[in-house]
Colleague: 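Below you will find the structure I want to go over with you.
Note that this is a predicted model, so its numbers are computed, not measured.
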Amino acid sequence: MSTITLTISALPAHVRTARLMAATVARRAGVAASAIDEIRLAVGEACSRAVAAHKLHCPEQPILLQLIDGGGPDPVADPRAEIPSGNGSAPRRFEVVVSDQAPSKDAEETANPLEPLLDGLFLDGDDTPPGGISGFSPGLGLAVITGLADEVSIDPRDTGTVVRMSWPLTGDDPRSGEPN
């Protein structure tokens, strides 16, 4: 397993860089070609949401993007974790984690993770958030992400929000040209 960490400032221009990096690493990791556009879009939505939140709350703080290639625990993040032996029982996944440092105004309101993400999707005319699309809630980006990624975890906290997305890897290793 390898992890690539990219730190970006809260500028919309850096979202494009994050999308391109995610697509390139996903392709190299062995994600199916049909999922590359979904990864690009999901990462763009997650990073755009983080940039908008940072511009309002903490424009000088960086946004962290982690691209994790492969399955199993990360020995760097958790040196005590056991690395599974090579019987292939654990599914290999490509994971993207976008972490911002903007306070989540509804961290305490999201105690029920099963609450539908589409609640409050549309706003009344003058309630458009700064940088938002007229008539749409900022939660729309999170709803789009849940439709694009195979697995999604959204963890809002007082210290920021962590959006974790993952997609399965195919059995082929594009670096060797041979199946794993």
Colleague: Kindly say whether Ser2 contributes a backbone atom to a donor-acceptor pair with the side chain of Asp69 at under 3.5 angstrom?
Modeller: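 Not confirmed, Asp69 side chain does not pair with Ser2 backbone.
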Colleague: Indicate yes or no for a side-chain donor-acceptor contact from His54 to the backbone of Gln61 under 3.5 Å, with no hydrogens or angles considered.
Modeller: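 Judged by distance alone, yes, a pair lies under 3.5 Å.
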Colleague: First locate atom CZ of Phe94, then atom CZ of Arg27, and finally report the distance between them rounded to the nearest 0.5 Å.
Modeller: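 Atom-to-atom, Phe94:CZ and Arg27:CZ are 10.5 Å apart.
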Colleague: Before you tell me yes or no, could you show the steps for Cys47 and Arg19 under side-chain contact (heavy atoms from CB on, under 4.5 Å), namely the whole-Å CA-CA distance, both residues' side-chain angles and the distance that decides it to 0.1 Å?
Modeller: CA-CA 9 Å; Cys47 289; Arg19 284 194 319 249; over 6 Å; no
Colleague: Do you know which of Asp150, Val98, Val97 makes side chain to side chain contact (heavy atoms under 4.5 Å, CB included) with Met165?
Modeller: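 For Met165, the side chain to side chain contact (heavy atoms under 4.5 Å, CB included) check succeeds only for Val98.
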Colleague: Whether the side chain of Trp167 engages the backbone of Leu148 through a donor-acceptor N/O pair (distance < 3.5 Å, no angle test) should be reported.
Modeller: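 Looks like yes, one N/O pair under 3.5 Å.
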Colleague: Quick one: does any side-chain atom of Thr5 pair with a main-chain N or O of Gln66 as donor and acceptor, under 3.5 Å?
Modeller: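 No: the side chain of Thr5 does not pair with the backbone of Gln66.
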Colleague: If you compare all heavy atoms of Ala29 against all heavy atoms of Arg92, which two are closest, and at what distance to 0.1 Å?
Modeller: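 Heavy-atom minimum between the residues: O-NH2, 4.1 Å.
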Colleague: For Ala26 and Ile39, which heavy atoms make the closest approach, and how far apart are they?
Modeller: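 In terms of heavy atoms, the two residues are closest at CB-CD1, 3.6 Å.
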Colleague: Given the rule that I, L, V, M, F, W and Y join up when any side-chain heavy atoms are under 4.5 Å apart, are Val25 and Leu64 in one cluster?
Modeller: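 Hydrophobic grouping puts Val25 apart from Leu64.
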Colleague: Roughly how far apart are Leu142 CG and Glu45 CD, rounded to 0.5 Å?
Modeller: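 Going from CG on Leu142 over to CD on Glu45, the span is 9.0 Å.
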Colleague: Treat each ILVMFWY residue as a node, draw an edge where side-chain heavy atoms are under 4.5 Å apart, and state whether Ile63 and Leu6 are in one component.
Modeller: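 Shared cluster, yes.
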Colleague: Quick check: closest heavy atoms across Pro62 and Gln101, and the distance to 0.1 Å?
Modeller: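 Looking at all heavy atoms of both residues, the shortest contact is O-NE2, 3.4 Å.
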Colleague: Pro103 versus Asp158: any side-chain heavy-atom pair under 4.5 Å?
Modeller: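 The answer is no, as the side chains (C-beta and beyond) never meet within the 4.5 Å cut-off.
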Colleague: How long is the span from the CD atom in Glu95 to the CG atom in Leu169, to the nearest 0.5 Å?
Modeller: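 Reported value, rounded in 0.5 Å steps: 10.5 Å.
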Colleague: Hey, could you give me the CZ/CD distance between Arg164 and Glu151, rounded to the nearest 0.5 Å?
Modeller: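 Reported value, rounded in 0.5 Å steps: 11.0 Å.
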Colleague: Which heavy atom of Pro59 sits nearest to which heavy atom of Ala10, and what is that distance?
Modeller: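 Closest approach of Pro59 to Ala10, heavy atoms only: O-CB, 4.0 Å.
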Colleague: Identify the two heavy atoms, one from Ala50 and one from Asp100, that lie closest to each other, and give their separation to 0.1 Å.
Modeller: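 Heavy atoms only, the tightest pair is CB-CB, 3.8 Å.
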Colleague: To the nearest 0.5 Å, what is the distance between CD1 (Ile68) and CZ (Arg93)?
Modeller: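 These two atoms lie 12.0 Å from each other.
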Colleague: Should Met21 and Val31 be regarded as members of a common hydrophobic cluster, given that ILVMFWY residues are connected when their side-chain heavy atoms come within less than 4.5 Å of each other, either directly or indirectly?
Modeller: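 Yes; tracing contacts between hydrophobic side chains, which count when under 4.5 Å, links both residues.
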Colleague: Give a yes or no on whether Leu65 and Ile4 share a hydrophobic cluster (residues Ile, Leu, Val, Met, Phe, Trp, Tyr; joining criterion: side-chain heavy atoms under 4.5 Å apart).
Modeller: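 Yes, Leu65 connects to Ile4 through the hydrophobic network.
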Colleague: List the atom of Val15, the atom of Gly44, and the distance in Å for their closest heavy-atom pair.
Modeller: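 In terms of heavy atoms, the two residues are closest at CG1-O, 3.7 Å.
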